[in-house]
Amino acid sequence: MQTLFQDAASARAGAWMTVSLRAITENYGFVAGLAPEAECAAVVKADAYGLGADRIAPVLAAQNAKTFFVAHLDEGIALRAVLPDVRIFVLHGFMPGCEGSMQSHDLIPVLNDLDQVRSWKRFCNGKGYAFPAALQFDSGMSRFGLNSADLDDHTLFDGLNLQLVMSHLACADEPDNLSNDTQRQRFVDMAACFPGVPRSLSASSGIFLGPEYHFELIRPGAALYGIAPSEGNRMLRPVVSLDARIVQIRTVEAGDRVGYGLSWTAMKPTRVATLGLGYADGFFRAQEGRGAVWHDRTRLPVIGRVSMDSISVDLTEAPADLEAGDVLSALGPAQDVDALARSAGTIGYEVLTSLGNRFHRVYVPP
Ligand SMILES: *Cc1c(COP(=O)(O)O)cnc(C)c1O
């Protein structure tokens, strides 16, 4: 809260998003410490889960992160402009014909099928140099990667400069799910076809499954940004807070209705605050009837529909002296990302990556 109103731009803003770079570095250190034998990469796809890759990636690099993952080639190109010296893997590989952009920006494609393998080899042969690549295996999720049969003819892979073999777990957020071990076994078997190449299986949740899931490189994203690896697991520092100011307060009478569709009806005279925060800012329409914002430890329910740019909240439980300009919290100590996600029937990942660009952003230095 002390970071609010620090300059004219923050004083004008209707809502602020505060990103603690310090919490991100602490989470990185914590996660890396869970797998001391492995290299800890950082996943910064989707603009570092909506929080600003250009601000976050350099801070992680300063923490000694040497390997980064993005999903798209364009994300890799943008990250390369910020970090000239780190290793950047592009999870989706490349679209046909885009090998040259991959190589000229010094990006490493994750090859996901035999066509990508052949294209990369052809490109490298043409250039007379084996540029680095990674291989992804499908160990059970049927999303990306080569399957076991694809590995039968090993000559297909001769001449590749492989930096990494990897796969991805489908159910790592459910520690008791037997598919985790099944996928792990398949991954070990497939990786055995490429002896000596570093292996990577685990994103955030997988890291918490234990050392047998760590291999030579771990790939946390969500955990860096404070999202819990599984229900009830709360050892990460929260990274984001979201505060919105009251635009207007009105008192509605019994029988008055609020919002689109007039879906909420006052049972008694009620003080209602309108906040400048809506579904365009990642405060989902699904919060209707379930979501809340907070004043300190007091829960203030959202009433009526969520609009594009605003929500209405019931101030019945709030101090009587609240007024326009005062600040309520949508994400903070009383309501973390996972809690806000639950009341919209979704997961923290979707909340973070939906927060949008309209907030005044404050980055707390490491
Ligand atoms: C997004 C992603 C990650 C990071 O996942 P988190 O659950 O956010 O840690 C790692 N690996 C792959 C292949 C991914 O797509």
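If you read the sequence from its start, that first residue is 1, and numbering goes on from there. Heavy atoms only: backbone and side chains are in, while hydrogens, waters and symmetry mates are out.
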Discussion item. Tell me whether Tyr129 shares a hydrophobic cluster with Leu162, the cluster being built from Ile, Leu, Val, Met, Phe, Trp, Tyr side chains joined at under 4.5 Å.
Written reply: yes

Discussion item. Quick check: is Tyr279 connected to Val240 through a chain of hydrophobic side chains (ILVMFWY, heavy atoms under 4.5 Å apart)?
Written reply: yes

Please confirm whether the backbone N or O of [Y] pairs with a side-chain atom of [X], one donor and one acceptor, at under 3.5 Å?
{"X": "Asn177", "Y": "Glu174", "value": "no"}
{"X": "Lys121", "Y": "Asp158", "value": "yes"}
{"X": "Arg237", "Y": "Ala23", "value": "no"}
{"X": "Ser310", "Y": "Ser307", "value": "no"}
{"X": "Asn161", "Y": "Ala130", "value": "yes"}
{"X": "Asn27", "Y": "Leu224", "value": "yes"}
{"X": "Ser204", "Y": "Ala223", "value": "yes"}
{"X": "Asp243", "Y": "Ala330", "value": "no"}
{"X": "Arg219", "Y": "Ser200", "value": "yes"}
{"X": "Thr270", "Y": "Lys268", "value": "yes"}

Discussion item. Using a 6.0 Å cut-off, check whether atom CE of Met141 has over 12 heavy atoms from anything other than its own residue.
Written reply: yes

Practice prompt. Look at atom CG of Asn357 and say whether more than 12 heavy atoms of other residues, nucleotides or ligands are closer to it than 6.0 Å.
Written response: no

Side-chain donor/acceptor pairs under 3.5 Å, residues 344-351, sequence neighbours excluded:
unit_1 : atom_1 : unit_2 : atom_2 : d
Thr346 : OG1    : Glu350 : OE1    : 2.3

How close do [X] and [Y] get, heavy atom to heavy atom, and via which atoms?
{"X": "Ser142", "Y": "Asp138", "result": "N-OD1, 2.9 Å"}
{"X": "Pro109", "Y": "Pro132", "result": "CD-O, 3.5 Å"}
{"X": "Leu169", "Y": "Gly206", "result": "CD1-CA, 4.1 Å"}
{"X": "Tyr363", "Y": "Arg361", "result": "OH-NH1, 3.1 Å"}
{"X": "Ala11", "Y": "Arg245", "result": "O-NH1, 2.8 Å"}
{"X": "His105", "Y": "Ser101", "result": "ND1-O, 2.9 Å"}

Would you say the side chain of [Y] lies within less than 4.5 Å of the side chain of [X], judging by non-hydrogen atoms?
{"X": "Ile311", "Y": "Val293", "result": "yes"}
{"X": "Val90", "Y": "Ile108", "result": "no"}
{"X": "Val272", "Y": "Asp256", "result": "no"}
{"X": "Ser167", "Y": "Met190", "result": "no"}
{"X": "Leu160", "Y": "Leu111", "result": "yes"}
{"X": "Arg118", "Y": "Leu156", "result": "yes"}
{"X": "Pro198", "Y": "Leu217", "result": "no"}
{"X": "Leu114", "Y": "Gln116", "result": "no"}

If you measure from [atom1] on [X] to [atom2] on [Y], what distance do you get to the nearest 0.5 Å?
{"X": "Leu331", "Y": "Asp336", "atom1": "CG", "atom2": "CG", "value": "8.0 Å"}
{"X": "Asp326", "Y": "Asp321", "atom1": "CG", "atom2": "CG", "value": "7.5 Å"}
{"X": "Leu79", "Y": "Leu107", "atom1": "CG", "atom2": "CG", "value": "8.5 Å"}
{"X": "Ile24", "Y": "Tyr225", "atom1": "CD1", "atom2": "OH", "value": "6.5 Å"}
{"X": "Leu242", "Y": "Met17", "atom1": "CG", "atom2": "CE", "value": "8.0 Å"}
{"X": "Lys45", "Y": "Glu75", "atom1": "NZ", "atom2": "CD", "value": "9.0 Å"}

Could you work out, with ring pair (Phe, Tyr, Trp, His ring centres under 6.0 Å) as the rule, every residue matching [X], not counting sequence neighbours?
{"X": "Phe89", "value": "Phe69"}
{"X": "His295", "value": "none"}
{"X": "Phe283", "value": "none"}

In plain terms, say whether [X] and [Y] are close enough for a salt bridge, that is, a side-chain N and a carboxylate O under 4.0 Å apart.
{"X": "Arg87", "Y": "Glu39", "answer": "yes"}
{"X": "Asp189", "Y": "Arg186", "answer": "no"}
{"X": "Arg271", "Y": "Asp314", "answer": "no"}

Discussion item. Tell me every residue that passes salt bridge (Lys or Arg N to Asp or Glu O under 4.0 Å) with Arg199, counting only those two or more places apart in sequence or in another chain.
Written reply: Glu216

Practice prompt. Hey, could you give me each pair passing ring pair (Phe, Tyr, Trp, His ring centres under 6.0 Å) that has a residue in residues 138-194? Not counting sequence neighbours.
Written response: His92-Phe144, Phe137-Phe194, His154-Phe157, His154-Phe194, Phe157-Phe194, Phe187-Phe215

Worksheet item: Going by atom types only, do Gln248 and Arg250 share a side-chain donor-acceptor pair under 3.5 Å?
Response: yes

Go through the structure and list residues passing side-chain contact (heavy atoms from CB on, under 4.5 Å) with [X], not counting sequence neighbours.
{"X": "Glu317", "result": "Thr298, Leu300"}
{"X": "Asp106", "result": "Arg80"}
{"X": "Gln103", "result": "Trp120, Phe123, Lys127, Phe131"}
{"X": "Ala273", "result": "Ile246, Ile249, Val313, Leu315"}

Item to complete: Would you sort out whether Leu277 and Val306 count as a side-chain contact (heavy atoms from CB on, under 4.5 Å), showing the intermediate values?
Response: CA-CA 9 Å; Leu277 168 76; Val306 173; over 6 Å; no

Worksheet item: Do Ile207 and Tyr213 pass the side-chain contact (heavy atoms from CB on, under 4.5 Å) test, and can you show the C-alpha distance, the side-chain angles, and the key distance before you say yes or no?
Response: CA-CA 6 Å; Ile207 297 163; Tyr213 286 85; over 6 Å; no

Worksheet entry | Steps toward side-chain contact (heavy atoms from CB on, under 4.5 Å) verdict (Asn125, Arg122) | CA-CA 5 Å; Asn125 285 337; Arg122 205 177 309 122; 5.6 Å; no

Worksheet item: Could you walk me through whether Leu262 and Val258 pass the side-chain contact (heavy atoms from CB on, under 4.5 Å) check?
Response: CA-CA 5 Å; Leu262 305 179; Val258 172; over 6 Å; no

Side-chain donor-acceptor pairs of residues 28-36 under 3.5 Å, sequence neighbours excluded:
unit_1 : atom_1 : unit_2 : atom_2 : d
Tyr28  : OH     : Cys40  : O      : 2.6

Distance-only donor-acceptor hits, side chain of residues 46-66, under 3.5 Å, sequence neighbours excluded:
unit_1 : atom_1 : unit_2 : atom_2 : d
Asp47  : OD1    : Ala53  : N      : 2.8
Asn64  : OD1    : Lys66  : NZ     : 2.6

